[in-house]
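Step one of this worksheet: look at the structure below.
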Amino acid sequence: IDNENGIKATGVWDTGSEGCLISQTLAQKLGLVLISYKIIVGVVDTKRAPEYLVNLFFPNEDKYEFVSVLEGANLAEDELIIGMNIINKGDFSITNVNGKTSLSFRRPSLQRINYEQEQKRAIAEESTISRRQNKATRNTQKNRKRKRGR
């Protein structure tokens, strides 16, 4: 997050949040200037929250300038919630390979991700490989029988 000198902060991706939220502590550290108040409708309550503009810089050098963030209650000291106003600008994916969950985000969006189609292709490829292996095994067995018969 950047004002004039920048501050590193922990960002939490939240697909259930329409927009970005910032902790009060982080807003104060950055010396952010209040631009307005907006209403936040949460799971439990509705409240009026200060709105600020920030520049967000991600580790992959992606940046978002003049992003509206609302001050959120119950956030950790240096925390930022990254909401759908950022997530919907790219491809966001969560995978769980070998019990290890990972998140990936890229911008711009490069292609439509469809895991169902990928799974069907993988099954078809697996089936083709299996058929080829079975055929190769049968051919090997035939060749061995022929050699023994000579």
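These figures come from a predicted structure and were not determined experimentally.
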Should the pair Tyr64 and Phe58 be assigned to parallel (<30°), tilted (30 to 60°) or perpendicular (>60°) ring geometry?
perpendicular

Thr95 side chain to Val97 main-chain N or O, any donor-acceptor pair under 3.5 Å?
no

Ile22 versus Leu30: any side-chain heavy-atom pair under 4.5 Å?
yes

Which pair of non-hydrogen atoms, one from Ala76 and one from Ser23, has the smallest distance, and what is that distance?
O-CB, 3.2 Å

Please name the pair of heavy atoms, one in Glu71 and one in Ile40, separated by the smallest distance, quoted to 0.1 Å.
O-CD1, 3.7 Å

Side-chain heavy-atom pair Thr15, Met84 within 4.5 angstrom cut-off:
yes

Hey, does Ile86 have a side-chain heavy atom less than 4.5 Å from the side chain of Val67?
yes

Does the pair Ser17 and Ile81 meet the rule for a side-chain contact (heavy atoms from CB on, under 4.5 Å), with working shown?
CA-CA 8 Å; Ser17 180; Ile81 299 286; 4.0 Å; yes

Side chains of Ile94 and Thr101, heavy atoms from C-beta outward: is any pair under 4.5 Å?
yes

For residues Leu70 and Glu51, report the shortest heavy-atom separation together with the two atoms involved.
CD2-CB, 3.5 Å

Would you say that Ser93 contacts Tyr115 through its side chain, given a criterion of any heavy-atom pair below 4.5 Å between the two side chains?
yes

To check you understand the geometry: which heavy-atom pair defines the closest contact between Gly19 and Asn85, and what is its length?
CA-OD1, 3.3 Å

Taking all non-hydrogen atoms of both residues into account, name the closest pair between Asp91 and Gln111 and its distance.
OD2-O, 3.7 Å

Measuring from atom CG of Leu53 to atom CD of Glu65, what distance do you get when rounded to the nearest 0.5 angstrom?
11.5 Å

Assess, by modelled atom type and distance only, whether the side chains of Thr10 and Glu79 contain a donor and an acceptor separated by less than 3.5 Å.
no

Within a strict 4.5 Å, meaning less than it, do heavy atoms of the Leu26 and Ile7 side chains meet?
yes

Heavy-atom pair of closest approach, residues Ile82 and Gly11:
CD1-CA, 4.0 Å

Does Lys63 offer a backbone N or O that forms a donor-acceptor pair with the side chain of Arg107 under 3.5 Å?
yes

Quick one, Tyr52 and Val33 - any side-chain contact, counting heavy atoms below 4.5 Å?
no

Co-membership, hydrophobic cluster, residues Val54 and Tyr37, 4.5 Å side-chain
yes

Say you draw a straight line from CD1 of Ile87 to CH2 of Trp13; how long is it, rounded to the nearest 0.5 Å?
6.0 Å

Between Leu75 and Ile39, is there a shared hydrophobic cluster once you connect ILVMFWY residues whose side-chain heavy atoms come closer than 4.5 Å?
no

With the 4.5 Å side-chain cut-off for hydrophobic clustering, are Ile113 and Leu110 part of the same group?
no

Above 12 or not: heavy atoms from other molecules or residues under 6.0 Å from CD of Glu118?
yes

Within the distance-only criterion (no hydrogens, no angle test), does the side chain of Asn60 pair as donor or acceptor with the backbone N or O of Asp62 below 3.5 angstrom?
yes

From NZ (Lys38) to OG (Ser68), nearest 0.5 Å
4.5 Å

Is Glu116 paired with Lys120 through a side-chain N to carboxylate O contact shorter than 4.0 Å?
yes

Pairwise side-chain contact, Leu21 with Leu80, heavy-atom cut-off 4.5 Å (strictly under)
no

